[in-house]
Amino acid sequence: MSKKKVKKLINGKGIRYDGRKLNELRPIKLEVGVLDNADGSAYIEQGKNKILAAVYGPKEVHPKHLAMPDRSLLRCRYHMAPFSVEERKSPAPSRREKELSKVIREAFEPSVFTEYYPRTSIDIVIEVLQADGGTRCAGITAASLALADAGIPMRDLVSACAAGKVEGHLVLDVADLEDKQGEADVPVAYMPNLNAITLLQMDGMLTSEEFEQAINLAVEGCKQIYQLQKEALKAKYVEVKEAKKEDAEQ
Amino acid sequence: MSKKKVKKLINGKGIRYDGRKLNELRPIKLEVGVLDNADGSAYIEQGKNKILAAVYGPKEVHPKHLAMPDRSLLRCRYHMAPFSVEERKSPAPSRREKELSKVIREAFEPSVFTEYYPRTSIDIVIEVLQADGGTRCAGITAASLALADAGIPMRDLVSACAAGKVEGHLVLDVADLEDKQGEADVPVAYMPNLNAITLLQMDGMLTSEEFEQAINLAVEGCKQIYQLQKEALKAKYVEVKEAKKEDAEQ
Amino acid sequence: MSKKKVKKLINGKGIRYDGRKLNELRPIKLEVGVLDNADGSAYIEQGKNKILAAVYGPKEVHPKHLAMPDRSLLRCRYHMAPFSVEERKSPAPSRREKELSKVIREAFEPSVFTEYYPRTSIDIVIEVLQADGGTRCAGITAASLALADAGIPMRDLVSACAAGKVEGHLVLDVADLEDKQGEADVPVAYMPNLNAITLLQMDGMLTSEEFEQAINLAVEGCKQIYQLQKEALKAKYVEVKEAKKEDAEQ
Amino acid sequence: MTSSIIARVRQKRIEQLISLGKRLDERGLTDYREVQVEVGVIEKAEGSARVRLGKTEVLVGIKIELGAPFSDVPDKGVLTVNAELVPLASPTFEPGPPNENSIELARVVDRGIRESEAIDLEKLCIEPGKKVFIVFVDVYVLNYDGNLIDASALAALAALLNTKLFKYAVKEGEVQIKPGYKPLSIRNHPVAVTFAKINDKLVVDPGLEEEQVMEARLTMTIEKDGKICALQKGGAGYFKIQQILEAGKIARKKAAELRKLVVKK
Amino acid sequence: MTSSIIARVRQKRIEQLISLGKRLDERGLTDYREVQVEVGVIEKAEGSARVRLGKTEVLVGIKIELGAPFSDVPDKGVLTVNAELVPLASPTFEPGPPNENSIELARVVDRGIRESEAIDLEKLCIEPGKKVFIVFVDVYVLNYDGNLIDASALAALAALLNTKLFKYAVKEGEVQIKPGYKPLSIRNHPVAVTFAKINDKLVVDPGLEEEQVMEARLTMTIEKDGKICALQKGGAGYFKIQQILEAGKIARKKAAELRKLVVKK
Amino acid sequence: MTSSIIARVRQKRIEQLISLGKRLDERGLTDYREVQVEVGVIEKAEGSARVRLGKTEVLVGIKIELGAPFSDVPDKGVLTVNAELVPLASPTFEPGPPNENSIELARVVDRGIRESEAIDLEKLCIEPGKKVFIVFVDVYVLNYDGNLIDASALAALAALLNTKLFKYAVKEGEVQIKPGYKPLSIRNHPVAVTFAKINDKLVVDPGLEEEQVMEARLTMTIEKDGKICALQKGGAGYFKIQQILEAGKIARKKAAELRKLVVKK
């Protein structure tokens, strides 16, 4: 976290620079089934984040020696497009991208019934087309929908959201500028029905009281996002049903 | 194409800076069977180009999973020696070399009866020792002889030559300086007996009339080179026959 | 060898800058069985060199296609820690490290009864934690103990030591500064019982007389180190026996 | 085995249709699939465009940065085209460094832009031999259903036309960013038209299934005045001269149609 | 198969013990294994420390060099943490470029140092935008018996506290080394505490066998005033919020104990 | 299996011959195969030479470029030797980054040139610490029939002796190329002589089949006054001290013979 304060981010009334209240999410747009080739896919816009997620699988594992006799191999690739950030990013995966790929995969491990598909792999691909803070969380939110869209059985959807500390205030859904100038960022992935935290990281510094508030705030955010995810799935389901009806009527 | 005109390349009488007429090839020297280990090999000098081509195969494919049940796997590596160009080239294959390796391989695909040797590979190696413009074409011309030298059955020899546009004139067999200062370069690979164009690329700009002339000019060049290739093979064949006769006489 | 004389390294009485006589080894400390996971391990301090060696094997070869039907595959990795030298070294293996890995492996080939363990591999790992000249020799001395510690049958221990020429004098066990300012460095690996030189390299310039003296000097050094190796193994053996006795007595 | 039988049946079907002048999706032989172009989709990039060609979907983002010129052209900015076949787009795309397919794609797109001199690279020189603008054209394939070259070239052109360049001043050798933008100067409009040769006939804009059965591929990039500015033959087959000349005529017509979709009057 | 049966028996045993509040090596659930810290072990490095955590053994060496700052923080020195899982340390460690495990290890250690602002990076700036000190923290794993993060973070802290910075003067833009050293200014003391969740219970400092059966892993890095300065959940399982808050309390206590081993009063 | 029986029969045959002082190709034990040296074969390179040692064929090209010196020797030019085992040369050579064989080859050639101080690197310094000439020696193996080291070292020496350095002037810190060339200053002439130990006997210039059965390999590089300037033992076997000293005597003689082929009086 850079401590250089470039701009006042929260005004006296507790309103953030983008007009949000402290515990308010950015506008979120979710779409399910947006890519033709993938077995499942979803698109998320959250603030200026624009992220695509795709799922391929369950499918034959390549290379074969990675196949597991008792469950499916879950793989994940989190990747940012070269043009997604201020300064062009080399398309070769950075250390950051490799770490996030790992923790995102681990965020889905508790969700997916991998034991249903031994000797296969399920590949999650997250491509950040435009980054605006909180890409790992938004990527997880989208990827969970892509898994559902692919028909992969899950214990629960995974919803993800960060809380953070900015200019002394605990805030929900940390935006890019808040992340850069703020005091802490706590990304959380959560399965609401199981009360299970499946990803937890933190940059910054928080007292234990602040941390407790932050994690509760993030979990509240996850629950709101969970509702949006279910609506997005329902919208897709309805769309498909209507399309089928139309087909039948023709 | 750089448009900086460093030097007048064609004089008022249509004579090029190296003394050639517009539709004249550079001096070409072809030798077949120049390397001891390769199953087939050839050497070409065309202008100051000096290029070796070798063929290994048909042979067992390594790694095995690349083997194809119904035909031979044709592979090609076009590579420039670090000392072949003005400024030392890193020996790691460049993007250009990777693209040329692909299109050269595709230039030979229509020529080789790959179906005769299922589950094998045929490897074409082209090493540019000195580059003087038109290395891909000269490399193809040599590699075709190397394939013949290796006894690989072919529908026809592949002959290659570029046409181009320099100072407003269409010219045959574009040299390095003409390529750098000229307006267009159209490399063509051609099987004369089948009237088949197996490689076609272009840098530069041409009207459709110019393009039609250029491609016809390049094909004429290919036909001349075809004769030279056949002579080179005959020379080798005679040499081998005479060597055998000598052996027999001893 | 840089010829820049920064400092007088040998005084009028033939005493070296670190107080040693010309034919004197640096203080050497050897410890066997220092790492818990490795099948065998050893630690050496020689001057300021600090080097760990570990052996894993005989074990299944990975990848399998490298396995040999009639003997064990000996592999070696000589590697320097980034902080082992003045200027931080990138952890990616340098060309020097790759060459040394090869010649060190070849220094052990004549020693190990690889034919006893067909289809397996024996992996030697040498990690230079601090470098002070003569790391390849010190690494070999330690790795030989690690092989013994792993219970790998050997024709003889391999002992290694360099001789060199510094300010016109032939010296034993060349230190870093002597290597940098000196006229020649001749690292030698040797199996005393077989009178077998298993590694020999040289940087610098020597007349044939000097070379003969240097190689004899290095071999004398190896013989001294051989004694130290045997003592280190004995110390370990006694320690184990005593530990077992203690276990029995408890 | 079964799948290869199905594949052969499918191949036969495609070939039969084409010999009748028809195609699987009921297009004519020289018809493009539906083309959708959307620009400015990535606000943070200096330029961007998404092109859909039927189900093929490509996103191009343009970034502009300061850097050094090449030593042999010290007075020109630098154009760099890169293509990523991201694993989103197809079960056959593997993560990893660019392979020959993505390199070819990038280089064919590059050639069209470079040879038509679409970007005025001289204007991107700040200090000759020292500092120039580098234009990064990143082609990002999102869904692969055939004919990536045409979709990518079109998206690249649309993105370039949509690109803004920040204003700057040079003070004592240092470049200072000033408020405001101006459009990147684009003076030519190269459009790629790709043909597949199937059963010895030419079809434009091959879909994925057509690509899988085609004998050879030919891309012709046509600039705004109808000149050819790049060519690329691909695939294991060959073309007759006559086919290439015929392709040239079609390409000019098709390029003009496609160009209208991205170039505003 | 047999080995996997043995593994399952072992797993059962570990789980049963933990449900009784016990562990394989007779530690309590919140006990660390024996910790040994040795500093200055690599004289040629600017700083160094070896930490043993039971049989886990990690060496950290610090090198300081001159270099350029990042363009977005021109007035700060650079911290670079790298971790090597060298093949010495385990039969499962392969030579090669860093994999996701070594990258995660390095980044979690980095985060604790960076976020607690342990190093005063402003003081490592020599000439803004041009020349700064780069602090290389190289984590070298020598023997792997579980809980590399805590051992590495502790060794990194001990090494940093042991680091000397050469004195220098800047003359006409050139840095000149002067005789003598001063200690590197370290103003905070982050300590990582890692929990394994096994059979829904938390244990600290998991050994290798515990790591092999754990459901999930949680690392909390605690700075000198008891604030949390880095978090990392790992592993295929999950945590309940209550478990995380409980872990926070234990972590603060454990971190204070560990800190005493490396920070001299 | 059959091929390995044939190989063993062949091995026996080679060993028997050598015990009788003979070799497969009727050479004596200390005879080289026919050596052909051709210089200036690559006109565009600053220097070049092709050496044929029997059927082994190596091409060396020299390029000279401007660059920065190493920080620890700011007043010297840079020598860089690289070797490529190009897939032209043998069915066993795979494309890809240098492996341990090509690295060893390059480094042994490098050592002979560097340690004999054949190139006067001080003369290649243009501006200390800033700008020097870099001499790239690229070894390109065209046909592999054993003993690459001797062929490569000889070709490198011949190419260096054939190398021209462009003239230049330094104006305001910029190097300006001037018309004309002068020869690169070469002040020593290192020549490598390689021995194979087969059936406990030494043979020089081993051919490929001899390399396949040899127990060990020893290269001695001898400079113009008969001093040894580089050594390299290779292979899985060993040497007795006496064998090494004996090799030294032969090497000096052989090196003098080979040197005559490339150094003009």
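Every chain is numbered from 1, with letters handed out A, B, ... down the list of sequences.
In this structure, chain D has a heavy atom under 4.5 Å from the backbone of B:Leu199, while its side chain stays farther away. For a residue to count as touching a neighbouring chain, one of its non-hydrogen atoms must lie under 4.5 Å from one of that chain's; by this rule B:Arg96 touches chain D with backbone and side chain alike. Within the 4.5 angstrom heavy-atom criterion, only side-chain atoms of B:Val219, from C-beta onward, approach chain D. For D:Leu245, the part sitting under 4.5 Å from any heavy atom of chain B is the side chain, from C-beta outward, and nothing else. Using a 4.5 Å cut-off between heavy atoms, D:Leu218 touches chain B through its side chain atoms alone. Only the backbone of B:Leu194 comes within less than 4.5 Å of a heavy atom of chain D; no side-chain atom from C-beta onward does. Residue D:Ser71 touches chain B through its side chain alone, counting heavy-atom pairs closer than 4.5 Å. Interface residue D:Glu223: only side-chain heavy atoms are found under 4.5 Å from chain B. For chain D, no part of B:Glu209 is nearby; none of its heavy atoms comes within less than 4.5 Å.
Two residues are said to be in side-chain contact when any heavy atoms from C-beta on lie closer than 4.5 Å; D:Ile244 and B:Ile197 meet this criterion. Counting heavy atoms from C-beta on, the side chains of B:Val158 and B:Tyr190 never come closer than 4.5 Å. Residues B:Ile215 and B:Leu200 have side chains in contact (heavy-atom distance under 4.5 Å, counting atoms from C-beta outward). Counting heavy atoms from C-beta on, the side chains of D:Glu210 and D:Asn147 never come closer than 4.5 Å.
Counting heavy-atom pairs under 4.5 Å between each of D:Arg111, D:Glu104, D:Glu215 and chain B puts D:Arg111 at the top. Interface check for chain D: of the options B:Met191, B:Arg105, B:Glu210, B:Gln201, the most heavy-atom pairs under 4.5 Å are formed by B:Gln201.
Within 6.0 Å of atom CZ in B:Arg155, more than 12 heavy atoms from other residues, nucleotides or ligands are found, so the atom counts as buried in its surroundings. For D:Lys224, the NZ atom sits in a packed shell: over 12 heavy atoms of surrounding residues, nucleotides or ligands are nearer than 6.0 Å. The neighbour count for B:Lys59 NZ, taken as heavy atoms of other residues, nucleotides or ligands under 6.0 Å away, is above 12.
Contacts of residues 106-126 of chain B with chain D at a heavy-atom distance below 4.5 Å involve B:Glu106, B:Ala107, B:Glu109, B:Pro110, listed in sequence order.
D:Lys233 contributes a side-chain N or O that, together with a main-chain N or O of D:Gly235, makes up a donor-acceptor pair within less than 3.5 Å. Side-chain atoms of B:Lys8 come within 3.5 Å of backbone atoms of B:Ile10 as a donor-acceptor pair (strictly under, hydrogens ignored).
In this structure, D:Lys197 forms a cation-pi arrangement with D:Tyr238, its terminal cationic atom sitting closer than 6.0 Å to the ring centre and no more than 45° off the ring axis.
At a threshold of 4.0 Å, the pair D:Glu100-B:Lys98 does not count as salt-bridged, since none of the basic side-chain nitrogens sits closer than that to a carboxylate oxygen.
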